[in-house]
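Step one of this worksheet: look at the structure below.
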Amino acid sequence: MNRTEIVTLLASESEREGILAQGWVRTRRDSKDFFFLELNDGSCLKNLQAVVTRDVPNFEELKAISTGASVSVVGKLIASQGKGQSWEIQANEVTLIGAADDSFPLQKKRHSMEFLREISHLRPRANLFGAIFRVRSRLSFSIHRFFQEHGFFHVHTPIITSSDCEGAGDMFKVTTIDIDKPPRSEDGFLDFSRDFFAQPTYLTVSGQLEGEAFATSLGKIYTFGPTFRAENSHTSRHASEFWMVEPEIAFCDLQQDIDWAEKFVKWVVKDILDTCKEDLELFFNFVDKGLQERLQFVVERPFHRVSYTEAVEILLAADRKWEYPVEWGANLQSEHERYLTEEHFKSPVTVYDYPKDIKPFYMRINDDGKTVAAMDVLVPGIGEIVGGSQREERLEVLLENMKKHGISEVDYGWYADLRRYGSVPHAGFGLGFERLLMFVTGVANIRDVIPFARTPGSA
RNA sequence: UGCCCUGUAGCUCAGUGGUAGAGCAGGUGACUGUUAAUCACUUGGUCGUAGGUUCGAAUCCUACCGGGGCAGCCA
């Protein structure tokens, strides 16, 4: 007999004889001659209530079934007499598959997030984490759907890279060198020619540069994969290993890039609202009271757009003391970004045309000579969720910029080639998958939306 | 990397210089439909670790270790 998933059973239209349900016991309630089991199999948030009476053959042996145990129940799906569920299973046969003794750490009460992080292998059996990881799965699918349905091709950019300055933070080294006896060249330096790849290699911090090679071939592409940052960041929004979405679009300028970013965020949030209703209810009720309204808002209202220069004027005019002074040419700080999105506009807002001196070498210089065609999408509660730009497509300007930023013309010759042969205006953006998931679920700490989180000092 | 908070039972916490506590979980029993079931009884602690102050330290001081928050950097 094949098992029927609980999500299917609970959606049943009529009674069903002879069904098999299997899952883990969330709680057990005993009476003298019968007991109730709450069974969860992960297929949905809700549990299936099983009613087990003395008529079941091995009733006495079933005392060993406790919270956390895995069981099989064969029986009849019937309308429930009790309140709180429409269907329940009247058991004919019950089998204990795997017992869980009283050391099972998940109890039928609220645990702190900190405690649950210590048992990351068991926490997906808790309601909240089951919901988070079901939504994570759907969000991943939504992202692929959006791009596939809009003519983008998925490109698998490399995870191991020899580019040591892809424009983002510190990198993890990849090596097979014996760190106790490293090979040295005659002048005493590490001899990477004797390393596995015969040169220094790292875990990628971004697939953007490789993505540009494919955008200028296939037209519209996206990457969606793991990225690694060796930054010593201790915040609730940073992880050392996270997933990033990076679309790259040929024949595209900055305003069109912003159009794509906004359309993408709206589309994906709408899809989650449509397909994850039950799990979202949990977040709305127990995680973040303002979440439902915020998600609705993102889907329905247009995002605001302001230039960096206008944003600075808004911040200077604000009746507010800043910890970091506001001044044209300085980066916007967390407090500034949050003010713009949470208080001034009270909606997602896209800031564009940043000063060129605070941005990386590949961004396109605007005609004013002072700013670059860069943009950040800011959302309430998280801050920056998308960062993107139009890329410099003019060979001479790019080469000059690389020189200014100390980028090797030899190592990045391939990147310059994209401008040397059939160069086109193109643009793209990067979006942190976990940050989007935090925004969608209202979960405040990035460690709680990653199955097994890697952060400084913890792996 | 800087600043701040925190560590007491399996879990969540109270206890601020005078013999270690509660709720939940666990155990035993009761109960004919429960819903974080209920009721009665009950097991459980080198108070993170190491020093120090004191007649006396969970409580005060120092160091180390663990957890967390904010900021910087970014996604």
Side-chain angles (χ1 to χ4, degrees), chain A residues 26-38 46-54 63 66-68 78-85 88 90 100-119 126-127 166-170 204-208 224 226-246 261 286 322-324 330-338 358-360 376-379 382-388 429-439 444-450 455-458:
Chain A
R26 283 295 164 78
T27 183
R28 166 183 182 140
R29 292 182 288 273
D30 275 284
S31 276
K32 192 178 181 186
D33 293 316
F34 62 94
F35 61 89
F36 298 99
L37 291 179
E38 291 280 344
K46 287 206 177 81
N47 303 322
L48 175 67
Q49 174 165 280
V51 187
V52 185
T53 65
R54 267 191 200 283
K63 283 208 164 74
S66 57
T67 303
I78 57 170
S80 178
Q81 304 172 28
K83 293 177 181 132
Q85 64 279 318
E88 66 188 15
Q90 182 73 47
D101 68 16
D102 61 15
S103 63
F104 182 65
L106 289 171
Q107 298 165 11
K108 37 190 174 182
K109 65 167 214 165
R110 279 188 74 118
H111 291 283
S112 68
M113 299 293 252
E114 291 79 9
F115 172 68
L116 291 166
R117 273 174 216 150
E118 292 171 5
I119 49 168
N127 285 341
E166 288 171 327
D170 294 337
T204 183
V205 294
S206 164
Q208 180 204 313
F224 183 16
T227 14
F228 307 87
R229 303 279 167 90
E231 296 284 354
N232 194 13
S233 297
H234 290 243
T235 84
S236 51
R237 307 182 308 283
H238 291 85
S240 310
E241 176 180 324
F242 63 100
W243 280 54
M244 194 152 61
V245 182
E246 293 179 291
F286 298 108
W322 303 110
E323 194 183 334
Y324 291 86
N331 232 327
L332 296 182
Q333 305 296 322
S334 275
E335 57 173 340
H336 306 141
E337 295 182 344
R338 294 183 72 122
I358 57 174
K359 292 292 181 183
D376 285 346
V377 179
L378 313 176
V379 296
I382 310 277
E384 183 183 340
I385 195 167
V386 169
F429 59 86
L431 170 136
F433 178 60
E434 283 81 5
R435 289 207 183 155
L436 183 60
L437 186 56
M438 289 166 74
F439 181 68
N445 195 309
I446 198 166
R447 282 171 275 224
D448 299 323
V449 299
I450 300 177
T455 51
S458 175

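Letters go in sequence order (proteins before strands), and every chain restarts at 1.
When Watson-Crick and G-U wobble pairs are counted only if both distances are under 3.5 Å, B/G26 pairs with B/U42. Look at B/C64: its Watson-Crick or wobble partner, with both distances under 3.5 angstrom, is B/G48. Nucleotide B/C13 is matched to B/G21 when pairs are restricted to Watson-Crick or G-U wobble geometry with both distances under 3.5 angstrom. When both pairing distances are held under 3.5 Å, B/G33 makes no Watson-Crick or G-U pair with any nucleotide shown. Using Watson-Crick or G-U wobble geometry with both donor-acceptor distances under 3.5 Å, B/G56 finds no partner in any strand shown. Look at B/C70: its Watson-Crick or wobble partner, with both distances under 3.5 angstrom, is B/G2.
Among the heavy atoms of the strands lying under 4.0 Å from A/E38 is at least one base atom, whether or not backbone atoms are also near. Within 4.0 Å of A/D33, counting heavy atoms only, lies no atom of the nucleic acid at all. When heavy atoms are screened at a 4.0 angstrom cut-off, A/R26 is found touching no nucleic acid atom at all. Across all strands shown, A/T27 has heavy atoms under 4.0 Å from sugar-phosphate atoms exclusively, and none from any base.
B/U62 and B/C5 have their P atoms separated by 12 Å, with the value rounded to a whole Å. Going from the P atom of B/U8 to that of B/G66 covers 16 Å, rounded to whole Å.
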Sort me out a list of protein N/O and nucleotides 44-46 of chain B N/O pairs below 3.5 Å, or just none if empty.
none

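Atom CZ of A/R28 and atom P of B/G33 are 16 Å apart (whole Å).
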Quiz item: Reading nucleotides 8-13 of chain B from the 5' end, what letters show protein touch, with B for base, S for backbone sugar-phosphate only, - for no heavy atom under 4.0 Å?
Solution: --BBS-
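In this structure A/R110 satisfies the salt bridge (Lys or Arg N to Asp or Glu O under 4.0 Å) test with no other residue, sequence neighbours excluded.
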